[in-house]
Asks: 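Dumping the structure here so I can ask a few things about it.
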Amino acid sequence: MEPRAGVSKQDIREQIWDYMESQNLADFPRPVHHRIPNFKSKKTLLVPTPRLRTGLFNKITPPPGATKDILRKCATSQGVRNYSVPIGLDSRVLVDLVVVGSVAVSEKGWRIGKGEGYADLEYAMMVSMGAISKETPVVTIVHDCQVVDIPEELVEEHDITVDYILTPTRVIATGCKRPKPMGITWFKISREMMEKIPILRSLRAREQQAGKDVTLQGEHQHLSEPGRQQTVPLSVGRRPPDTPGSEANSVEAARGSPPGEGAPLAADVYVGNLPQDARVSDLKRALRELGSMPLRLTWQGPQRRAFLHYPDSATAQQAISCLQGLRLGTDTLRVALARQQRDK
């Protein structure tokens, strides 16, 4: 199955759903439209709490002497309610393998879910909790008909990519190098979602206390005023090891004081000579293509400069090497450690 040119994510979803229904490939519940399709593949899966209503993880413990029927129920939402206990944020749980559902997936590792974003959010929450790292493999189990070509421009910054695809006939190693989300992208989280998912409120309070930018959707519109500095929370990962003054500078940058004034850290990178008409999205796209996405980006478009905030000096130096000679439009950017730039 190959989607036609110029398709959207919803076009691909509808194509997969229609085909699986017409060929009677899916298991209960039916119809599969607006769902992650189920089908028997003789795999045992453990899933997060349904829709994150009561937390992120639940540990399922079958009763002694459980029959096959009870074991099957343990893998359902009813089983989560009847045979599990919640695992809190302080449990220090470590996840060795992440299994996500998909409506469609490509051999390159691009994935499309049902459109609600829960799988992406669950992954980001696990990163924020320290339950997984960027080395944790991500697997999806789909029918062969769900493996299709997906245009890369449909893949967004917060989308999970997958490392392995399991079908009834194949095991596909995608070799995907696109960076996965480094944590919760708070500016994509709405107030409504915060009300529905209590664990998000707890995670936000923790990250706010750690000095991270936890601005929610709709709370940062004033940053677009002409001439105003814009701090863009690209994504939030785990807190880097403390260095003298690191917490103070992290908070200072988030509040709007540019790293070039005061005491920039060795992990702050200066990007200068930005074109007059450049947008923050242009720089973000270039950083993503080079695999050099920072934890946070401070945009100072009117001054034709930006500051990239990385977790440590080694990552910052690696980013500088990748960005040397980078051009936006006809202009070659100037790249250096922010501390060195201030000294100049």
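Position 1 is the first residue of the sequence, and the numbers go up from there. All heavy atoms count here, side chains included; hydrogens, waters and symmetry mates do not.
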Asks: R201: what forms a side chain to side chain contact (heavy atoms under 4.5 Å, CB included) with it, not counting sequence neighbours?
Replies: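 R201 satisfies side chain to side chain contact (heavy atoms under 4.5 Å, CB included) with M194, E195, P198 once adjacent residues are dropped.
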
Asks: Which heavy-atom pair separates W299 from A278 by the least distance, and what is that distance?
Replies: CZ2-O, 3.4 Å

Asks: List in chain and number order the residues that pass side-chain hydrogen bond (donor to acceptor under 3.5 Å, both in side chains) with R304, two or more places apart in sequence or in another chain; answer none if no residue qualifies.
Replies: N273

Asks: Go through the structure and list residues passing salt bridge (charged side-chain N to carboxylate O under 4.0 Å, His left out) with D96, not counting sequence neighbours.
Replies: none

Asks: Would you find more than 12 non-hydrogen atoms of other residues, nucleotides or ligands less than 6.0 Å from Q23 atom CD?
Replies: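 Yes - once you tally the heavy atoms of other residues, nucleotides and ligands closer than 6.0 Å, there are more than 12.
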
Asks: With sequence neighbours excluded, tell me which residues meet salt bridge (charged side-chain N to carboxylate O under 4.0 Å, His left out) with E153.
Replies: none

Asks: Of all the heavy-atom pairs spanning L328 and P275, show the shortest one and how long it is.
Replies: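 The answer is O-CG, 3.1 Å.
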
Asks: Restricting to salt bridge (charged side-chain N to carboxylate O under 4.0 Å, His left out), what partner residues turn up for R72, sequence neighbours left out?
Replies: none

Asks: List for me each residue that meets salt bridge (charged side-chain N to carboxylate O under 4.0 Å, His left out) alongside D18, sequence neighbours excluded, and say none if there are none.
Replies: none

Asks: Where is the tightest heavy-atom contact between L287 and P294, given as atom of each residue plus distance?
Replies: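 Looks like CD1-CD, 3.9 Å.
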
Asks: Quick one: side-chain hydrogen bond (donor to acceptor under 3.5 Å, both in side chains) partners of E135, sequence neighbours excluded?
Replies: S133

Asks: Taking ring pair (Phe, Tyr, Trp, His ring centres under 6.0 Å) as the cut-off, I'd like each qualifying pair that reaches into residues 151-182, sequence neighbours left out, listed once.
Replies: none

Asks: If you measure from OH on Y310 to CZ on R296, what distance do you get to the nearest 0.5 Å?
Replies: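 That separation rounds to 12.5 Å.
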
Asks: Going by side-chain hydrogen bond (donor to acceptor under 3.5 Å, both in side chains), name the residues that satisfy it together with S292, two or more places apart in sequence or in a different chain.
Replies: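 Here no residue qualifies.
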
Asks: With sequence neighbours left out, write down each residue that passes side-chain hydrogen bond (donor to acceptor under 3.5 Å, both in side chains) with K9, or none if nothing qualifies.
Replies: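 Listed in chain order: E156, D159.
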
Asks: T67 and D69: side-chain donor and acceptor closer than 3.5 Å?
Replies: no

Asks: Within a strict 4.5 Å, meaning less than it, do heavy atoms of the L323 and L308 side chains meet?
Replies: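 A side-chain contact exists here, since the closest heavy-atom pair is under 4.5 Å.
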
Asks: Do E207 and S128 have a side chain donor and acceptor closer than 3.5 Å?
Replies: yes

Asks: So which heavy atom on L94 is nearest to which on G130, and how close?
Replies: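 Scanning both residues, the minimum pair turns out to be CD2-O, 3.7 Å.
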
Asks: Rounded to the nearest 0.5 Å, what's the gap from CD1 on I16 to NE2 on H33? Could you check?
Replies: 11.0 Å

Asks: Is a donor on one side and an acceptor on the other found under 3.5 Å between the side chain of T332 and the backbone of R327?
Replies: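 Not confirmed, T332 side chain does not pair with R327 backbone.
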
Asks: Is the backbone N or O of D27 less than 3.5 Å from a side-chain atom of N38, with the two atoms forming a donor-acceptor pair by type?
Replies: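 Judged by distance alone, no pair lies under 3.5 Å.
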
Asks: Should D282 and R279 count as an ion pair when the cut-off is N to O under 4.0 Å?
Replies: no

Asks: Mind listing the closest non-hydrogen atom pair of V95 and L97 along with its distance?
Replies: CG1-O, 3.3 Å

Asks: When you check the gap from the basic side-chain N to the acidic O, do E157 and K188 get nearer than 4.0 Å?
Replies: no

Asks: Any chance you could measure I150, atom CD1, to R111, atom CZ, to the nearest 0.5 Å?
Replies: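 Going from the CD1 atom of I150 to the CZ atom of R111 covers 9.5 Å.
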
Asks: For the CG atom of D120 and the NZ atom of K180, what is their distance to the nearest 0.5 Å?
Replies: 12.0 Å

Asks: One pair to check against side chain to side chain contact (heavy atoms under 4.5 Å, CB included): Y123 and T136. What are the steps and the verdict?
Replies: CA-CA 11 Å; Y123 182 92; T136 307; 5.7 Å; no

Asks: Could you check whether any side-chain heavy atom of R170 comes within less than 4.5 Å of a side-chain heavy atom of V147, counting everything from C-beta outward?
Replies: yes

Asks: Is any side-chain heavy atom of V269 less than 4.5 Å from a side-chain heavy atom of V335?
Replies: yes

Asks: Kindly compute the distance separating CD1 (I165) from OG (S106), expressed to the nearest 0.5 Å.
Replies: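 Here the rounded value is 6.5 Å.
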
Asks: Of the non-hydrogen atoms in H309 and L297, which two are nearest, and what is the gap between them?
Replies: CD2-N, 4.1 Å

Asks: Going by distance alone, is a donor N or O of one side chain under 3.5 Å from an acceptor N or O of the other, for Q10 and R13?
Replies: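 The criterion, which ignores hydrogens and geometry beyond distance, is satisfied for R13 and Q10.
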
Asks: With a 4.5 Å heavy-atom cut-off, do L337 and Q317 have their side chains touching?
Replies: yes

Asks: Could you pull out every donor-acceptor pair under 3.5 Å between side chains of residues 138-145 and any protein atom, sequence neighbours left out?
Replies:
unit_1, atom_1, unit_2, atom_2, d
T140, OG1, V100, O, 2.8
T140, OG1, S102, OG, 2.7
H143, ND1, C145, N, 3.2
D144, OD1, T167, OG1, 2.8
D144, OD1, T169, OG1, 2.7
D144, OD2, T169, OG1, 3.2

Asks: With a 4.5 Å heavy-atom cut-off, do Q146 and V148 have their side chains touching?
Replies: no

Asks: Are M20 and F28 connected into the same hydrophobic cluster when the rule is that any two of I, L, V, M, F, W, Y join if their side-chain heavy atoms are below 4.5 Å apart?
Replies: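 No, separate clusters.
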
Asks: Hey, does M193 have a side-chain heavy atom less than 4.5 Å from the side chain of L121?
Replies: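 Touching, per the 4.5 Å side-chain cut-off.
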
Asks: Taking the side chain as C-beta and beyond, is there a heavy-atom pair between R288 and R178 under 4.5 Å?
Replies: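 Answer yes - side chains close enough.
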
Asks: Decide yes or no for P151 and W110: does some side-chain heavy atom of the first lie under 4.5 Å from some side-chain heavy atom of the second?
Replies: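 P151 vs W110: side chains apart.
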
Asks: Rounded at 0.5 Å granularity, tell me how far OG1 in T185 sits from CZ in F187.
Replies: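 It comes to 6.0 Å.
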
Asks: Considering residues at least two apart in sequence or located in another chain, which fulfil the ring-ring contact (aromatic ring centres under 6.0 Å, His included) criterion with H34?
Replies: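 By the ring-ring contact (aromatic ring centres under 6.0 Å, His included) rule, H34 matches W17.
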
